[in-house]
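Before any comments, here is the structure.
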Amino acid sequence: MVNFIKRDGNDLFKNRFFRFIFKNKKFVFTLRILVAFLFFYAIFMGFYNSSKENIFTTALFWGIFWPLFIVTTLPTFGRIFCGICPHGFLGRYITKIGLKKSMPKWMQNRFIGVMLLFLGWWGVYYIFPGVYRTPLGTATLFLVMTIVAFIIYYLYKDMSYCKYICPIGTALRGYSKLSFTKLGSYSKACSECKTFDCAKSCPYGLSPFNFNKKSSMNDCTLCMECSHSCEAIGFKFVKPGNAIYKKFKTLKAEVWVFILILAAIPISMAFHHGLGRSNISDQMIWVKTAEFFKGFINFGSIDPVGLFAFLYATLFTVASAVIGMWIASKILKKDFNTVFYTLGYAFAPLFILASMAHALEFFFTSNSARIVEGFAWGFGMDVDVDPLAKRGDKWLMFFHMFRWIAVIWAFYILYKRMAYIDAPKKRKILAYPFASLLIIFFIGVNLYRNYVIDTYGRKAHHRGGMHNSRSVGMVPGQNIEIPKIKVSIKDIVWFTDRLPVKNPKASMKSMGHRRGNLYLKKLYLVSGTLQQPACVANVKGTFYTVDSNNSLKRVKPKYNGCATVELKMSENGYYKAYYLQKEKRYIRIAKYEYKHFRHGSNRESLNKLKPETVTEIPFDIIRLKSKDEKPHYREQSGDKITFKVVKDGKPIKGAEVTITTELGWQKHLVTGSDGTVSFRHIKDHFDNGKRVNRYFRENYIIAAYYKSSDGTEYVITQTSQFMPSRSEYQSKGYALVIAIILLIALVGGVAIYRYRTHKPFKEVILDE
């Protein structure tokens with residue numbers, strides 16, 4: 001035993017603060033008692049009050065323990081959570097009075113804990129999404145884990161539960177190799193030691209004085225019992241990931257943890273929570289597979305989409321890792337297992353840093369308030385606090401960099417660990433991209449998710465769309481039901497040229513018709529959502545039409561099951577319809593603009609393309625036409641469109657403008673000093689192949705809102721539509737050609753490989 005040692009500058013125990021936290025026996029013991037109390041109190045409360053009112057149980061387990069504390073400490077200080085874990089803390093005392101048997105060989109399998117984590121935790125999370133989100137489900141999970149842990153602690157010696165059965169034991173052991181701390185000993189002092197107090201005090205039967213020689217801390221949980229018994233133990237700052245760059249005895253379960261947890265968390269969440277909430281979620285293979293099986297299987301309480309998202313994520317992730325490493329092993333001419341388990345440690349940063357980014361962002365935007373309010377409720381207080389940040393705050397983008405740091409780090413680790421493969425340099429260079437196939441797949445998933453969300457948007461959450469009264473009218477002379485809706489002054493209304501009906505397939509679009517020299521188009525005033533509009537039942541405003549010369553005329557609507565106005569068009573130009581309603585300090589306007597140009601229009605018609613408003617309308621939104629726009633221009637996906645918001649004919653700054661497409665994509669902008677905002681049409685026009693055609697038109701609404709200095713609120717909506725870009729169809733042709741070329745190359749490559757590796761038969765003649 002050593003009582004004094006001169007510590008190195010990078011030794012945390014040299015600092016009073018860290019020395020107090022990690023080496024002060026009383027403080028550590030008190031901290032463990034506090035954590036154990038909170039742990040069991042949260043379980044008790046989960047059973048005592050299992051209603052949604054209990055926000056304490058979920059806040060502790062899913063707010064503090066996971067993901068905040070575990071995820072953020074692993075790549076920094078290592079597995080210090082194990083040092084204060086209630087199971088490990090109490091397990092030491094249970095083991096002392098237990099039977100101290102040797103654990104059977106079949107149980108000494110780290111894959112038991114790995115699969116409990118992968119299937120029992122995350123598999124259940126996706127298949128039965130509501131189970132762990134409730135206080136009762138959370139309490140039941142941790143109570144069962146606690147009972148199993150205590151039984152195993154009582155039966156077997158050397159804290160075997162932590163090594164083999166604990167769901168997060170192997171995971172924390174593997175990811176801790178990325179930390180920038182290392183527990184070890186001062187070699188000079190250890191060379192003179194004869195008592196081995198550090199090893200005797202270790203409840204896990206480890207030898208801390210050998211950690212430096214093995215370049216590994218084995219199953220050390222940083223309980224710090226060894227540091228309490230001997231001063232020769234040091235806890236040092238090292239280069240991040242220092243342990244993972246060195247040569248050590250690899251552990252198969254650790255590599256599989258990196259792969260399976262990557263599949264279960266970042267990849268599955270990207271599939272289910274990211275892509276699954278986009279406007280093209282129904283095009284994803286896991287959604288289509290779920291829909292297929294739902295045709296003849298009753299899933300009951302199972303979430304089939306979550307199930308297949310989890311399965312596909314696992315399949316793609318494992319396939320990327322195994323296939324990539326198999327090809328690399330062939331290039332390197334080395335045993336597959338040697339290559340796989342030597343280089344597989346490069347996958348470690350992908351999950352932990354990506355999850356760390358999510359955990360920190362979630363903490364500032366939601367979790368901080370959830371934890372404070374949860375603890376307050378747990379101890380009989382009622383506290384309402386705001387999160388530390390709001391979604392969309394620019395500084396939160398800093399956390400998004402973590403996943404790309406993880407990618408760079410993974411490539412670097414792979415490069416460093418290539419040194420332990422005995423192969424020519426050229427072969428290593430050729431094998432490197434294949435060995436990194438899982439990293440490339442991770443990059444692809446993130447880029448594709450960002451592309452889909454940016455291009456097609458998230459599914460809109462319609463607020464203010466729940467109305468208090470619905471009725472159904474009938475179109476005179478037709479057996480078609482028309483939904484009607486009562487709206488409040490703050491519900492938006494708009495014009496549509498499609499008569500809303502209860503059955504969308506029976507919806508009739510006003511294509512326009514001629515009456516003498518006039519071209520007529522019917523418009524209907526509706527509210528609700530673009531997918532399910534309903535006629536406004538309580539019309540109180542005034543209707544206007546505006547001709548191509550910008551002359552405004554008040555018109556009386558017709559009620560053919562729906563408030564209807566007609567645009568009467570004779571000359572070339574833009575025609576408009578307005579609905580204006582004023583109540584107290586709220587002004588609501590609906591606008592429709594229609595372009596009527598005959599083929600072969602003369603140059604004078606082009607002058608009527610300039611944007612205009614009318615003085616009688618106090619608040620307006622105008623689409624600005626580009627200089628080279630022609631009379632027969634049609635908006636297409638990918639086009640940039642610009643709108644100007646004006647009040648009393650003058651552009652206004654600070655108006656909120658939102659675009660919402662028929663398939664649910666939304667984007668929100670605020671006007672600048674010139675009163676303009678610009679959007680780019682998304683490419684979300686396909687739906688099960690039916691809408692991928694040149695004749696499809698997708699409707700959208702532009703809504704502008706402004707509150708003036710006198711408190712008057714203005715809102716205006718304008719509807720229009722856009723069509724698929726021609727390049728969308730050309731890209732499909734290009735994709736088909738590329739796919740055929742790749743297929744030919746693949747088949748040709750396999751044929752060449754087989755030809756080159758084929759050994760022709762040689763006749764051997766023995767001269768006897």
Which label fits [X] and [Y]: parallel for a plane angle under 30°, tilted from 30 to 60°, or perpendicular past 60°?
X      : Y      : value
Tyr594 : Tyr519 : parallel
Phe441 : Phe271 : perpendicular
Phe362 : His358 : parallel
His272 : Tyr126 : perpendicular

Quick one: does [X]'s side chain have a donor or acceptor within less than 3.5 Å of a partner on [Y]'s backbone?
X      : Y      : result
Thr671 : Gly654 : yes
Arg588 : Asp491 : yes
Thr289 : Val287 : no
Asp547 : Asn549 : yes
Gln531 : Glu662 : yes
Ser527 : Val536 : no
Thr717 : Val493 : yes
Asn538 : Val487 : yes
Tyr705 : Val657 : no
Thr719 : Phe495 : yes

For Glu616, check salt bridge (charged side-chain N to carboxylate O under 4.0 Å, His left out) against everything at least two apart and list the hits. none

Pair [X], [Y]: side-chain N/O donor-acceptor within cut-off below 3.5 Å:
X      : Y      : answer
Asp710 : Thr712 : yes
Glu698 : Tyr700 : no
His400 : Glu361 : yes
Tyr574 : Asn550 : no

Closest contact, heavy atoms only, Tyr524 versus Thr564: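 The answer is CD2-OG1, 3.4 Å.
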
Closest approach of Pro387 and Ser368, non-hydrogen atoms and distance? CA-OG, 3.9 Å

Salt-bridged, [X] to [Y], with N to O below 4.0 Å?
X      : Y      : answer
Lys294 : Glu291 : yes
Lys625 : Glu593 : yes
Asp497 : Lys522 : no

Does any non-hydrogen side-chain atom of [Y] lie less than 4.5 Å from one of [X]?
X      : Y      : result
Ile617 : Ile589 : yes
Pro266 : Val445 : no
Met401 : Phe399 : no

Would you mind telling me which of Phe316, Trp286, Phe292, Phe293 makes a ring pair (Phe, Tyr, Trp, His ring centres under 6.0 Å) with Phe308? Phe293

So, applying ring pair (Phe, Tyr, Trp, His ring centres under 6.0 Å) with Tyr579, which one of Tyr592, Phe543, Tyr544 is it?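 The passing option is Phe543.
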
Is it true that Tyr714 and Tyr586 have ring centroids separated by less than 6.0 Å? no

Show me the donor-acceptor pairs within less than 3.5 Å that the side chains of residues 638-650 make with the rest of the protein, sequence neighbours left out.
unit_1: Asp639; atom_1: OD2; unit_2: Tyr633; atom_2: OH; d: 2.9
unit_1: Asp639; atom_1: OD2; unit_2: Gln636; atom_2: N; d: 2.9
unit_1: Thr642; atom_1: OG1; unit_2: Ser678; atom_2: OG; d: 2.9

